[in-house]
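Side-chain atoms are counted along with the backbone in the values below, which use heavy atoms only and exclude waters and symmetry mates.
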Amino acid sequence: MICENLTGAIDHYIDRLGYRLDMIMPADAPRIALLSKNGETIKLCASQATNNELPATNTGDWITGRAGMQYRDLLPERLGGEVAVSHIRLTDGGPVSDYVHYHKVDFQMIYCLKGSIRVVYEDQGPPFWLEPGDCVLQPSEIRHRVLEAEAGSEVIEISSPVEHETWVDHDLELSNGRIRQDRDFTGQRFVRHIAADAKWREFEGFEARDMGITVATDGRFDVRVVRSATAEELPANNANWEKLNLFVVLNGDLRLVIDNQPELVIPTGACRVLEKGERTSFAFHNNAEVLFASIG
């Protein structure tokens, strides 16, 4: 069924007709939803004319996604559908209109930029607050829920692939009273990185906080926050990337020279992809901190 207003149609079927939401995709700009009632399933599809339900076209656009969260696309090209880097904010404080759900996704992580967000995960104990600098790895199909947030809270979400399904679990209550920190979720383990407890360690001439994602994904993915090891501006270092790498500048700015091209200045809040085989010279300025993710 084609809908001019997908969100309004979902609300109508749930609130007025007694259906329940089973699946929605994509989370940042919902376009397809499955709902069911008494063994009957219906599929709702957003009209292509509904601008608020189409993906953002540039990094300045905020759009309303799943559960009322606002999304801004930091990587509009999305590498042909391979990776999404989203800046997400919760403008209102208090309870979030979320539900127990899971994603069918290869990789998904959340990094808290500001504010505080209370979340809960399957088999990971009671709810906890994500604070600035904290990070979680959400393995595929782990059940979880966003419970509440401080007004103005913001996170960075990195997901692969871009187009993935979000399914509602109507039967599981969280927390479920179990702690299984080593549980395998489709080849990955849950990670909660707490910035206040983390150690900065030497990393190729820099300092870095290792999120623990390399171990939890058996080396398939790696995520770190990297900064200069000194108070002075760090001179340029060279790197030749063997995997697809991307970064988000959290503070300060990063100067890049890629394959001897003119220097690029990457400011706070911006994202950049470094392709396999690109030779890069880079330098940190103004106390820059960078969220690096290596994928593949």
Within the 3.5 Å criterion, strictly below it, is a donor on [X] or [Y] matched to an acceptor on the partner's side chain?
X    : Y    : value
Y111 : E157 : no
D123 : N176 : yes
D222 : T214 : yes
H144 : E122 : no
E82  : S160 : no
T166 : H103 : yes
S86  : D28  : no
D22  : H170 : yes

Query - salt bridge (Lys or Arg N to Asp or Glu O under 4.0 Å) between R16 and D11, worked out - result: CA-CA 8 Å; R16 304 288 291 274; D11 291 344; over 6 Å; no

Within the structure provided, determine whether [X] and [Y] are in side-chain contact (heavy-atom separation under 4.5 Å).
X    : Y    : value
Q188 : S140 : no
R118 : V96  : no
E150 : K114 : no
R66  : H101 : yes
I295 : R220 : no
V83  : I158 : yes
L147 : D98  : no
E77  : L75  : yes

Under 3.5 Å donor-acceptor pairs involving side-chain atoms of residues 258-269, not counting sequence neighbours:
from : atom 1 : to   : atom 2 : distance (Å)
D259 : OD1    : R279 : N      : 3.0
T268 : OG1    : G252 : N      : 3.2
T268 : OG1    : G252 : O      : 2.7

Using atom types as modelled and distance alone, determine if a side-chain donor or acceptor of [X] lies under 3.5 Å from a backbone N or O of [Y].
X    : Y    : result
S281 : V257 : no
R189 : V215 : yes
N5   : T7   : yes
T217 : I213 : yes

**Report entry** F185/F190 aromatic ring centres below 6.0 Å
**Finding:** no

Considering non-hydrogen atoms only, spot the tightest contact between [X] and [Y] and give its length.
X    : Y    : result
A9   : C3   : CB-SG, 3.7 Å
E131 : G115 : OE1-O, 3.9 Å
S159 : Q108 : OG-NE2, 3.1 Å
D210 : V223 : OD1-O, 4.1 Å
I10  : A33  : CD1-CB, 3.8 Å
S175 : G125 : CB-O, 3.4 Å

Within one Ile-Leu-Val-Met-Phe-Trp-Tyr cluster: [X] and [Y], side-chain cutoff 4.5 Å:
X    : Y    : result
L6   : I14  : yes
Y121 : M69  : yes
V120 : L130 : no
V248 : M109 : yes

Query raised in the report: Under the criterion side chain to side chain donor-acceptor pair (under 3.5 Å), which of K37, H12, E40 is the partner of Y19?
Result: E40

Query raised in the report: In this structure, are over 12 heavy atoms from other groups packed under 6.0 Å from D182 atom CG?
Result: no

**Report entry** side chain to side chain contact (heavy atoms under 4.5 Å, CB included) partner of V85, the single match among V162, L291, D73, L246
**Finding:** L246

Query raised in the report: For W167, which fellow cluster members are found when Ile, Leu, Val, Met, Phe, Trp and Tyr are connected by side-chain heavy-atom distances below 4.5 angstrom, either directly or through intermediates?
Result: M23, M25, I32, L34, Y102

**Report entry** Pair V249-N251, side chain to side chain contact (heavy atoms under 4.5 Å, CB included): steps then yes or no
**Finding:** CA-CA 6 Å; V249 179; N251 298 295; over 6 Å; no

Requested in this report: Start with the C-alpha gap between K43 and M1, add the side-chain angles, then the distance that decides, and say whether side chain to side chain contact (heavy atoms under 4.5 Å, CB included) holds.
Outcome: CA-CA 6 Å; K43 181 178 181 180; M1 181 181 301; over 6 Å; no

Query raised in the report: With sequence neighbours left out, which residue pairs that include part of residues 134-145 fulfil the salt bridge (charged side-chain N to carboxylate O under 4.0 Å, His left out) condition?
Result: R143-D169

Query raised in the report: Taking the six-membered ring of F284, is the NZ or CZ of R227 close enough (under 6.0 Å from the centre) and on axis enough (within 45°)?
Result: no

Requested in this report: Decide side chain to side chain contact (heavy atoms under 4.5 Å, CB included) for H87 and E154; before the verdict, give the C-alpha distance in whole Å, the side-chain angles of both, and the deciding distance to 0.1 Å.
Outcome: CA-CA 7 Å; H87 182 189; E154 299 180 9; 2.8 Å; yes

Requested in this report: Dump the intermediate steps for side chain to side chain contact (heavy atoms under 4.5 Å, CB included) on L44 and Y13, then the final yes or no.
Outcome: CA-CA 10 Å; L44 303 180; Y13 273 89; 4.1 Å; yes

